[in-house]
Amino acid sequence: VTSAPRERSPRLAATLLIEGGFVVTVDANARVIDDGAVAIRDGIIVDVGPTAEVAARIGPEAERIDARGCIVVPGFVNTHQHLWYGLFKGLGGGLLLERWVEQLLLPTAASITAADAAVSSYLCAFEMLASGTTTCLDHSVTATDTSWVDGVLRAVDRAGIRTMYCKEIRPSSAGDPLATAEEVHARWHGAAGGRIGIGFVVESTAHWVAARLVSEDLILGAHGLATNLGTRLSNHTAGGTMAVEFGYLESVRRTGRTDIGFLHGLGVLDDRWVLAHALNVRDRDIELLACSGAGVAHTPTSESCRGGGIAPVRRMRGAGVPVALGSDGPMVDTSVDMIEQMKVALMLQNQLHLDPAALTPYDVLAMGTIEGARIMGLEDQIGSLEPGKRADIAVFDLDGPGDAVWHDPIAALVLSKHGTDAVHVLVDGELLVRDGTYTRLDAAELAALAVEARCHAVEAAARAGIDAPKWAFR
Ligand SMILES: [Zn+2]
């Protein structure tokens, strides 16, 4: 896993034409094109429009991908993910967040190794690619050093997925936490032709501050560093259960301090933040978010698995807060499927508001694509199908038995497809999944990777003292 990036899969002709599909651009005009085409040259989208027009402009030499019967969308952007959680799938059931942190996160985080994280990241990258996800933000929750980061980033580079790795800045990080973070940024930001970016993680939620896992000085220092380097800060915010006896809400009840109000009070709440969860935000918090430009990574399946409640997504969007989607780590809900995030986000809001149009299929598709790019600061590069953007594209077949009949292809994608249904997935114009098959990994390599990941998972769980079911992996 940690060897050098392999050769890119053989390039197609200089120009690639995805033609004949139902193209949903998710651009500023929400343009959809029946029998549409996307032309790609040197990793960049160079033309989008009706197939006949684009084909005439591009000429006959382009290599063609037949997308008839398919929907063509921007690759999905997963704005909150923990790649090493992939080794602990299936162990988090039945636990409220606060118990899950004590019983699962703390022991696993203390025992996982850099090699475990690299293998999990590599496997998880392929799981995401198969589900049409082309970009993810990996939020570090462990105290890591540069060799750990190198292992994870070599793995995702090898898989080909676009990744923003957010390096934790906390007192327990190796060496001087700010200097190490800056070193990681200098080493990796913009690597792999720009596919890899570096942001930072600062945890400022009430329990962390109370437990002295972070200090106000460190939050200010990290924000200053992110501002100087022009990058993002990922942060778990206003999460936890709806219980007021413990966790975040207990802290709010006792102190009157909300996570958003705290950042505002420190003078650092601005558009650098990718705020995961934002589950228990109050009206004043929503106003502060809207004024600041900070982004929210809504994680609906994660909250649902833990019985954590429903974030006020419609109210935040209505106030002008950019809200994107994230899967959270697979140690929580066991899946990184972004279509699942879209569907669950829609259903939860419709239930919460007793309104079947609280969120529409198009709304959640935008949250899973352009809104994700926006809150990660990448909206000029990815998130929509427009000339000049990087060619990060997912193609889903709408000809299967479950969706051969549809009247609204966007609803069909969001409500009846599954992440694993992507037929073609491109990052930077490279077909990483073609006809449902990985191009950078053959079947034997995939099988070997699965065995390797299982071995790491069993050993890591044992080291953590986790009482995994005896039937695991039999
Ligand atoms: Zn998280």
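In what follows, every heavy atom counts, from backbone to side chain, and hydrogens, waters and symmetry copies are set aside. One-based numbering, in listed order, for ligands and for the atoms of each.
- When distances to the Zn ion (ligand 1) are checked against a cut-off of 2.8 Å, H277 contributes no N, O or S atom below that limit.
- Taking backbone and side-chain atoms together, H82 has an N/O/S atom less than 2.8 Å away from the Zn ion (ligand 1).
- Using modelled atom types, one finds no donor on one side chain facing an acceptor on the other under 3.5 Å when comparing S147 with D150.
- S131 and E127 share no donor-acceptor pair across their side chains, judged by distance under 3.5 Å alone.
- Rounded to 10°, the angle formed at the Zn ion (ligand 1) by H236 NE2 and H80 NE2 is 90°.
- Between the side chains of T237 and D259, no donor-acceptor pair of N or O atoms lies under 3.5 Å.
- A donor atom on one side chain and an acceptor atom on the other are not found under 3.5 Å apart for E287 and H264.
- Looking at D328, its N, O or S atom nearest to the Zn ion (ligand 1) turns out to be OD1.
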